Enquirer: 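This is the structure, below, for whatever I ask next.
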Amino acid sequence: MGPGPTMVEPRVYAAMGQPVVGHLDPYFFQVTEDVRKLLGVVFGAGSHFNMALSGTGSAGMEAAVANFTIPGEKMAVFANGFFCDRISEMGRRYGAEVVRCEKPWGEPFTDQEAAGFIQREKPKVVAFVHAETSTGALQPGKAICDAAHSIGALVIGDCVTSLGSMPVEVDATGIDVAYSCSQKGLSCPPGLAPITVSARALEALRARKKPPSAWYLDLKLLDDYFDGAHRYHHTAPISMFYGLREGLRIIAEEGLEKRWERHRRNHLALVAGLEALGLRMHVAEGKRLWVLNTPRVPEGIDDLKVRRRLIESHGIEILGGFGPLAGKVFRIGLMGASSTRENVLLFLEAFEAALRAEGYSPAASGRAAAERSYDA
Ligand SMILES: *Cc1c(COP(=O)(O)O)cnc(C)c1O
């Protein structure tokens with residue numbers, strides 16, 4: 001129940017145990033074609049250009065930055081958490097002139113702040129983190145995308161944590177390049193990074209005069225391997241593709257909207273429970289992720305000791321904050337297969353016991369408050 005990797009569905013493990021074929025076998029390209037189509041659905045992308053990159057979420061991030069920034073050109077980053085800093089660092093390494101709009105960790109940008117910054121800076125590329133796993137805050141993308149498109153800029157959206165568990169909907173939002181990972185909202189093991197590219201971004205990619213300096217993540221070469229001439233580029237991790245396809249099928253069977261609703265309900269019940277215990281949420285109501293919850297650590301309590309008790313007595317892993325939030329928040333994940341009523345209730349009981357053992361007196365029963373939230 002941390003910020004990922006999340007629990008993996010047994011069906012995904014079973015799929016990964018199937019015989020490995022070659023990376024140029026026609027059967028493998030049937031699998032990648034299924035993955036391409038299923039990714040279009042979870043991304044909410046009409047684009048044909050969807051693929052899973054060999055690597056984790058950071059490979060998706062690096063592919064987005066490497067392919068869609070041009071050395072010397074301006075890239076604007078909305079920075080209010082850890083992963084925005086990683087995008088900025090990659091932008092600098094690929095030679096972009098990075099300009100940052102900054103806010104304290106956990107405070108999303110308002111529509112006016114986003115539009116004002118973009119109009120003032122006139123970047124070629126804008127990057128934002130849709131679901132900041134380091135803080136638990138959601139950054140809506142619509143205002144950012146509208147402002148960016150009005151000056152002809154492309155938008156990169158980090159949907160690593162949200163994809164598959166919260167609405168991402170790249171077409172409706174206007175995100176040109178969105179990437180994710182297999183081990184968070186999609187509930188598969190770590191190892192693949194889904195990415196989708198809009199028609200507008202594809203035009204920019206085709207118009208590049210020089211190829212990106214990252215050969216391994218060159219999207220044009222990768223497209224030629226996965227979807228075009230099927231020319232060898234690298235040996236794709238076959239078993240991971242079996243697993244991701246199965247994970248995406250599970251999402252399709254549940255139904256995307258039903259899955260979002262499951263995450264929303266479990267999040268609300270968990271928050272009701274945490275607040276009943278007397279904890280305060282770090283992120284303001286209405287701006288919180290459904291998949292990653294960040295209650296503040298109560299005064300005088302050592303978060304590491306509470307977390308150690310949880311894992312030692314109950315086998316439940318959650319994480320703490322880092323950077324400016326080190327020691328200040330707990331990070332409790334409810335992603336994919338981990339987002340269940342059973343987990344919420346079990347967690348609240350275990351958490352209450354661990355807090356009590358550390359000398360904290362809860363205001364009321366967290367479990368009872370969560371049950372009331374489900375019944376409401
Ligand atoms: C986890 C995460 C990443 C990095 O993904 P890895 O799979 O760890 O490489 C990037 N952005 C966000 C928002 C994340 O939560």
Side-chain angles (χ1 to χ4, degrees), residues 1-8 39 42-43 52-66 77-91 93 103 105-109 126-141 144 155-168 170 173 175 177-196 214 216-217 237 240 243-244 247 263 282-283 287-294 317-325 329-336 338-339:
M1 294 180 76
T6 180
M7 280 164 48
V8 175
L39 281 178
V42 283
F43 271 121
L53 307 174
S54 306
T56 64
S58 304
M61 185 188 287
E62 190 141 0
V65 172
V77 179
F78 287 95
N80 56 0
F82 176 80
F83 290 104
C84 326
D85 291 352
R86 183 172 291 182
I87 298 177
S88 307
E89 173 62 13
M90 286 183 184
R93 288 188 184 204
K103 273 188 108 166
W105 280 34
E107 289 182 27
F109 296 87
V126 177
F128 78 101
V129 175
H130 181 237
E132 220 346 310
T133 325
S134 62
T135 67
L138 179 78
Q139 177 62 57
I144 291 175
V155 179
I156 295 174
D158 177 318
C159 303
V160 172
T161 295
S162 44
L163 188 71
S165 293
M166 292 188 71
V168 165
V170 296
T173 311
I175 302 171
V177 184
Y179 58 85
S180 187
C181 73
S182 44
Q183 79 273 14
K184 295 183 188 177
L186 299 176
S187 241
C188 294
L192 287 176
I195 190 164
T196 184
Y216 193 74
L217 296 170
M240 278 306 307
L244 180 61
H263 284 80
H282 177 66
V283 177
K287 299 178 175 178
R288 296 171 190 155
L289 300 179
W290 303 339
V291 288
L292 198 277
N293 304 273
T294 46
E317 182 195 54
I318 62 167
L319 292 192
F322 56 105
L325 296 181
V329 297
F330 294 103
R331 291 190 300 143
I332 307 162
L334 288 175
M335 298 177 186
S338 306
S339 178

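Here the structure is a predicted model, which means the values were calculated and not measured. For ligands, and for the atoms within them, numbers begin at 1 and follow the listed sequence.
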Enquirer: Could you tell me whether a side-chain N or O of Q139 sits under 3.5 Å from a main-chain N or O of F109, the two making a donor and an acceptor?
Expert: yes
Enquirer: Taking side chain to side chain contact (heavy atoms under 4.5 Å, CB included) as the definition, give me every residue that meets it alongside S338, ordered by chain and number, with sequence neighbours left out.
Expert: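 Partners of S338 by the side chain to side chain contact (heavy atoms under 4.5 Å, CB included) criterion, ordered by chain and then number, come out as T6, M7, N343.
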Enquirer: Answer yes or no for K184 and Y179: cation-pi contact, defined as NZ/CZ to six-membered ring centre under 6.0 Å and angle to ring axis within 45°.
Expert: no
Enquirer: Is there a side-chain contact between F82 and T135, using heavy atoms and a 4.5 Å cut-off?
Expert: no
Enquirer: For T294, run the side chain to side chain contact (heavy atoms under 4.5 Å, CB included) check against V283, L325, I332 and tell me which one passes.
Expert: V283
Enquirer: Write down, by chain and number, every protein residue that brings a non-hydrogen atom to less than 4.0 Å from an atom of ligand 1.
Expert: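 Around ligand 1, where the cutoff is 4.0 Å for heavy atoms, the contacting residues are T56, G57, S58, M61, F83, R86, V129, A131, T133, D158, V160, T161, Q183, K184.
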Enquirer: Taking the side chain as every heavy atom from C-beta outward, state whether C84 and F128 have any atom pair closer than 4.5 Å.
Expert: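 No. Closest side-chain heavy atoms not under 4.5 Å.
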